[in-house]
Asks: 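Quick one: the structure is below, questions incoming.
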Protein chains: 2
Amino acid sequence: MAGKKGQGGIAGGRITAQDVAARAGVSIGTVSRVINSVPGVKPAIAAKVQKAIDELGWSPNLAAQTIRASSSRMIGFIFSDIRNPLYAMMTKGAEEVLSARGYLLVTASSDGQAAKEVALINLFKRRRADGMILTVEREGDAEVNQTVSRASMPYVMMERELPIGGMSVGADHYNGIRQATDYLLGLGHRRIAVITGGRGTRVARDRMRAFQDSLAARGMAPDDDLMKLDSFASEYGYRQMSVLLGMRDPPTAVLSLGVRLLPGVVSGLRNLGKSYPDDVSLICSNDTDLATMASPPITAVRYDAMALGRLAAEALLDRIGSGEALTSPLRIELATELVLRGSCRALTD
Amino acid sequence: MAGKKGQGGIAGGRITAQDVAARAGVSIGTVSRVINSVPGVKPAIAAKVQKAIDELGWSPNLAAQTIRASSSRMIGFIFSDIRNPLYAMMTKGAEEVLSARGYLLVTASSDGQAAKEVALINLFKRRRADGMILTVEREGDAEVNQTVSRASMPYVMMERELPIGGMSVGADHYNGIRQATDYLLGLGHRRIAVITGGRGTRVARDRMRAFQDSLAARGMAPDDDLMKLDSFASEYGYRQMSVLLGMRDPPTAVLSLGVRLLPGVVSGLRNLGKSYPDDVSLICSNDTDLATMASPPITAVRYDAMALGRLAAEALLDRIGSGEALTSPLRIELATELVLRGSCRALTD
DNA sequence: TTGTATGCGTTATCAG
DNA sequence: CTGATAACGCATACAA
């Protein structure tokens, strides 16, 4: 029976290399050499040690290794909310790359609150993370920026770009929105509304720049009344659809930019007894199940969020390996694609 | 000589309590007392220490604390894939509870592979996690079960129940499916198909038992040809809809049990040129955006996955605190609710 | 009230 | 080739 206290057979947590050494009749140094496959251990001895390890079910304490190596082989990933499928995808992509290289990915939700972002960054510092991936709420937040630089740890911004420099990965929203807008303009639309959030982030900047450039190429400019740029929340999409379609001169097309926005936008539309593409054309970003399965299916600006996670992880590991300056800038862009479906109609009047 | 290739002053990672002590002109013990608010430190000294801490931007190395306390204040959560919104919700719920109590939640995806499950459990053991939440693919896997018990660490099964005992939390799928089935039977349906996966798990067992009991209450029994119980994948839902609706005597209602299944089921239906509720009635589980936004919206068995995460975290912390036997059984159930929408019609023939 | 010394579980550097 | 031992950064019993 496994009844012994402390260092009994299978008592897991409390077994140390010392115990293994004792059981194998060797020194603790030899045990260490065996598990780290340091060359030059006599096979017979190694076998004895391995046997003791198996019998005791021991595995080296990673906290102790962390303390010595001053590397935890852990990477932190902070974003607003894991329930946002975009972050779930990014997490999966990053995890793929990191676990293959022996790193542990630790995610944490900040609920978009700067105070929590600060607390989490500090937490990762205390835990001696080797680096972090960050999607902060506001790129300009002074305290967050200060915390990031004081953490003196390699970092990659995800869909964000900090004024203090450093690496940034994101989708090529500029081209995504240019394509979408050009497409709508090509269909004859002239009053195009934009619903999105993330003001003051790389994403929003790129999107708005693209939108303006697209219009400018035809000698047009955005109509401020059609720009609804305050939130990514579903309810926001719902409300703004009412506002937009209640206007004297309503838009003929809507760009819904942000995954959580779409359900709100679509139900807002329905609630008004309107439908797409008849009453208004609709393009969304990113692509989702809902966009695919809606009837009619919705044209979308698509990008591979998992690839974004992979890119961020790779960039981070590169920097960790290279020892390059933390703030040395690097901007990585992932291609987007306009998936044409049945949610836009040509204007003939 | 372990020469100190000192990174110099402000190099975050390399600062220790020793440096703080030196700067404050006190001993390392005092520094420790200050940050742990051990009573009996002279305010003036404490202030000096705090000043040094702030100036150096030091924070205690959690790995070192872990090694001493033999507690990492870290909890692992293993499931198949974070992209499944159910797991994202559970993660959020668990994170809420755990972070409030000073624990770090670390999630990891196993892709449903037993080998990865084993590797991850061992990883958490090596990292000296204080406990883990597990959603394994097969409850009966001998190696996984052995790894769990050898980890000798408190654990909670999520939507699973291990033969080796221990705690288990899950939704009350029994009542959920009983309500759904009774509802369909009440509408006059007699040929009801079930599409789901997770064979040999608590979830599937409860669901099938409920389905059988519901039928049995009317002197009926399940028709094996209508039971499609092999996968939670979207593609599976798509294919099985073809199979089912291509039958000589097709079902008049379908239970689509599993979040990822629904998109496949709905597009399978459309692909055949059929629609609900006219050609077939439809009930899904769990509730999702898609179920809400589909037209018509789809009746769903709903449960609060975030609450499930919270329950698991609380149960785990309780057990960690109490030091009760790891395998001492405890079964926790979360209520479900049948949300009636427009995807089922009454049979009148 | 504060300082000192020891131990936590490893790894790496020495001798032997 | 192997054993002993000094770090790693912190907490704490024990001294002062």
Side-chain angles (χ1 to χ4, degrees), chain A residues 6-7 11-50 52-53 56-73 125-130, chain B residues 1-7 11-50 52-53 56-73 125-129:
Chain A
Q7 45 179 12
R14 304 251 43 110
I15 298 179
T16 76
Q18 197 61 257
D19 301 324
V20 175
R23 185 176 187 107
V26 299
S27 85
I28 178 180
T30 301
V31 173
S32 175
R33 284 187 273 263
V34 169
I35 59 159
N36 292 305
S37 350
V38 175
V41 178
K42 230 150 84 178
I45 303 258
K48 245 188 352 189
V49 171
Q50 190 56 57
I53 290 175
L56 292 174
W58 172 79
S59 50
N61 183 330
L62 254 157
Q65 294 182 326
T66 296
I67 227 180
R68 274 204 56 91
S70 65
S71 154
S72 57
R73 293 197 83 78
K125 185 188 173 192
R126 277 161 46 89
R127 295 221 175 231
R128 295 301 185 266
D130 293 334
Chain B
M1 302 297 179
K4 32 176 85 174
K5 38 199 79 177
Q7 298 282 345
R14 304 250 47 103
I15 298 178
T16 75
Q18 197 62 256
D19 301 326
V20 175
R23 184 176 189 106
V26 299
S27 84
I28 178 180
T30 300
V31 173
S32 176
R33 283 176 203 116
V34 170
I35 59 160
N36 291 303
S37 353
V38 175
V41 179
K42 230 150 81 184
I45 303 257
K48 243 183 0 186
V49 171
Q50 191 55 55
I53 290 175
L56 292 173
W58 172 79
S59 51
N61 184 329
L62 252 156
Q65 295 183 322
T66 295
I67 221 180
R68 275 195 55 88
S70 67
S71 156
S72 57
R73 292 197 84 78
K125 184 187 171 189
R126 277 162 45 90
R127 296 224 175 227
R128 295 303 184 266

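Naming convention: chains lettered A, B, ... in sequence-line order (proteins, then strands); numbering from 1 in each chain.
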Asks: Out of C:dG3, D:dT2, C:dT10, which has the shortest distance to the side chain of B:S27?
Replies: C:dG3

Asks: Report which part of the nucleic acid A:T16 touches: base, sugar-phosphate, or nothing (heavy-atom distance under 4.0 Å, all strands).
Replies: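 If one applies the 4.0 Å heavy-atom cut-off, A:T16 turns out to touch the sugar-phosphate alone, with no base involved.
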
Asks: Quantified as the angle between the terminal helix axes (five pairs each), what is the overall bend of the helix from C:dT1-D:dA16 to C:dG16-D:dC1 to 10 degrees?
Replies: 50°

Asks: Would you classify A:S59 as touching base, sugar-phosphate or nothing, given that sugar-phosphate means primed atoms plus P, OP1 and OP2, and contacts are heavy atoms under 4.0 Å?
Replies: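 Sugar-phosphate, backbone atoms only, no base.
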
Asks: Specify the separation, in whole Å, of atom CH2 of B:W58 and atom P of D:dA11.
Replies: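 For the pair B:W58 CH2 and D:dA11 P, the rounded distance is 7 Å.
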
Asks: Could you state the CZ-P distance from B:R127 to C:dT10, rounded to the nearest angstrom?
Replies: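 In whole Å, C:dT10 P lies 14 Å from B:R127 CZ.
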
Asks: For a quick check of understanding: with a heavy-atom distance under 4.0 Å over all strands, which category does B:V31 fall into, base, sugar-phosphate or nothing?
Replies: nothing

Asks: When the distance from CD1 of A:I67 to P of D:dA7 is rounded to whole Å, what number comes out?
Replies: 15 Å

Asks: Taking only the side-chain heavy atoms of A:I28 (C-beta and beyond), determine which of D:dT2, C:dG7, D:dT5 contains the nearest atom.
Replies: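 Of the candidates, D:dT5 comes closest.
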
Asks: Can you find a donor-acceptor pair, distance only, under 3.5 Å between A:R68 side chain and D:dA7 base?
Replies: yes

Asks: So, for A:D130 and A:S71, which heavy atoms are closest and what is the spacing to 0.1 Å?
Replies: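 Residues A:D130 and A:S71, closest heavy atoms: OD2-OG, 2.9 Å.
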
Asks: Going by number, which of residues 33-49 of chain B have a non-hydrogen atom under 4.0 Å from DNA chain C?
Replies: B:R33, B:G40, B:V41, B:K42, B:I45

Asks: Starting at CG of B:N61 and ending at P of D:dC10, how long is that distance when rounded to a whole Å?
Replies: 5 Å

Asks: Once salt bridge (Lys or Arg N to Asp or Glu O under 4.0 Å) is applied, what residue pairs with a partner in residues 23-35 of chain A remain, sequence neighbours excluded?
Replies: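 Only A:R23-A:E55 qualify under salt bridge (Lys or Arg N to Asp or Glu O under 4.0 Å).
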
